[in-house]
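I have placed the structure first, in the form of structure tokens, so that the comments after it can refer back to it.
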Amino acid sequence: MDTGILILRLLVGLLVAGHGVQKISSHLGGKGLEGGTEEFRADGFRGGALTALAAGGGQIGSGLLLAAGLLTPLAATGVIGVMTVALTVKWRHGLWVQNDGYEYPLVLIGTAAALAATGPGAWSLDAALGLTPYPLWWAAPALAAGLGSGLLTRLVLHRTAAPAIAER
């Protein structure tokens with residue numbers, strides 16, 4: 001079981017972190033901070049470069065923590081939060097990813113919630129530091145805080161109307 005959890009943590013954590021790197025740099029096929037900023041503006045978000053930096057930094061930090069199995073409930077909360085924002089962006093396209101839907105963010109939310117429930121496994125920094133096992137009840141606040149922070153981010157930073165031409 002620990003091997004499966006390790007593989008899952010590494011896969012999901014490193015993919016989330018890599019996605020964050022793409023938001024703020026030209027590494028891993030990213031378009032730099034300017035490209036990340038434009039992506040958020042095109043999706044209707046305020047904040048420009050600060051929004052891209054916060055999203056990218058949140059993805060990098062939570063993804064690396066999850067991959068390492070360090071502070072797993074907090075890492076899961078971060079992944080759930082940033083992927084909830086992504087889900088809200090893709091919601092209007094429906095579920096399936098071939099239609100630019102929210103399938104992928106939903107899978108990452110579910111995986112992070114499952115890792116909060118199972119814990120990071122024996123091959124993790126949490127285990128090495130004696131922080132495990134986390135009680136099962138940690139999964140509920142991780143899921144609630146992640147979903148809540150993602151929805152609050154959407155509410156606060158998303159424009160209700162299309163941006164003015166002058167802002168583009």
Side-chain angles (χ1 to χ4, degrees), residues 1-33 35-37 39-40 43 45 47 49-90 97 102-157:
M1 185 162 83
D2 291 317
T3 303
I5 292 173
L6 173 66
I7 292 168
L8 191 60
R9 273 194 0 254
L10 288 172
L11 177 67
V12 171
L14 293 176
L15 285 173
V16 170
H19 194 69
V21 167
Q22 291 178 322
K23 291 260 186 284
I24 61 174
S25 76
S26 59
H27 299 292
L28 304 177
K31 296 177 183 170
L33 183 56
T37 300
E39 178 185 342
F40 279 100
D43 287 336
F45 286 89
L50 185 58
T51 300
L53 281 170
Q59 289 172 332
I60 293 167
S62 61
L64 291 177
L65 286 173
L66 195 65
L70 179 61
L71 304 174
T72 301
L74 178 65
T77 300
V79 170
I80 292 166
V82 295
M83 288 301 117
T84 297
V85 175
L87 186 148
T88 67
V89 170
K90 304 210 172 271
V97 75
Y102 60 90
E103 174 185 2
Y104 184 61
L106 182 61
V107 167
L108 293 176
I109 290 166
T111 303
L115 286 167
T118 63
W123 298 334
S124 66
L125 289 179
D126 279 346
L129 295 171
L131 300 175
T132 57
Y134 288 103
L136 177 59
W137 64 263
W138 268 101
L143 183 60
L147 292 172
S149 67
L151 293 173
L152 183 61
T153 298
R154 172 69 182 220
L155 181 68
V156 170
L157 292 180

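- When each of Lys31, Lys23, Gln22 is checked for a side-chain hydrogen bond (donor to acceptor under 3.5 Å, both in side chains) with Glu39, only Lys23 meets the rule.
- For the pair Asp126 (side chain) and Pro120 (backbone), a donor-acceptor distance under 3.5 Å is absent.
- For the pair Arg9 (side chain) and Thr72 (backbone), a donor-acceptor distance under 3.5 Å is absent.
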| said: Checking Leu129 against Leu70 for the side chain to side chain contact (heavy atoms under 4.5 Å, CB included) test, could you report, in this order, the C-alpha distance in whole Å, the side-chain angles of both residues, the deciding distance, and whether it holds? | reply: CA-CA 9 Å; Leu129 295 171; Leu70 179 61; 3.7 Å; yes
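- With contacts defined as side-chain heavy-atom distances shorter than 4.5 Å, the pair Trp123/Thr3 qualifies.
- Expressed to the nearest 0.5 Å, how far CG of Leu53 lies from CD1 of Ile24 amounts to 6.0 Å.
- Atom CD1 in Ile5 sits 12.0 Å away from atom CG in Leu10 (nearest 0.5 Å).
- Residue Phe40 forms a side-chain contact (heavy atoms from CB on, under 4.5 Å) with just one option from Thr51, Val89, Leu157, and that option is Thr51.
- Side-chain contact between Leu71 and Leu125 is absent, with no heavy atoms from C-beta onward closer than 4.5 Å.
- Looking at every heavy atom in both residues, Phe45 comes nearest to Arg154 through CZ-CD, 4.0 Å.
- Here the shortest heavy-atom pairing between Ala145 and Thr77 reads CB-CG2, 3.8 Å.
- The CG atom of Leu6 sits 13.0 Å away from atom CE of Met1, with the distance rounded to the nearest 0.5 Å.
- Across all non-hydrogen atoms, the minimal contact from Val82 to Ala55 is CG1-O, 4.4 Å.
- Separation of atoms OG1 (Thr37) and CG (Leu50) is listed at 9.5 Å; rounding is to 0.5 Å.
- Tested against Val16 for a side-chain contact (heavy atoms from CB on, under 4.5 Å), the candidates Leu108, Leu65, Ile60 yield a single pass: Leu108.
- Nearest heavy-atom pair, Ile80 versus Ala142, reported as atom, atom and distance to 0.1 Å: CD1-O, 4.0 Å.
- Contact check for Leu151 versus Val85: no side-chain heavy atoms found under the 4.5 Å cut-off.
- The two residues Ser149 and Gly81 make their nearest non-hydrogen contact at OG-CA, 3.7 Å.
- Residues Leu115 and Leu66 meet the side-chain proximity criterion, which asks for heavy atoms closer than 4.5 Å.
- When every heavy atom of Thr111 is checked against every heavy atom of Val12, the shortest pair comes out as CG2-CG2, 3.5 Å.
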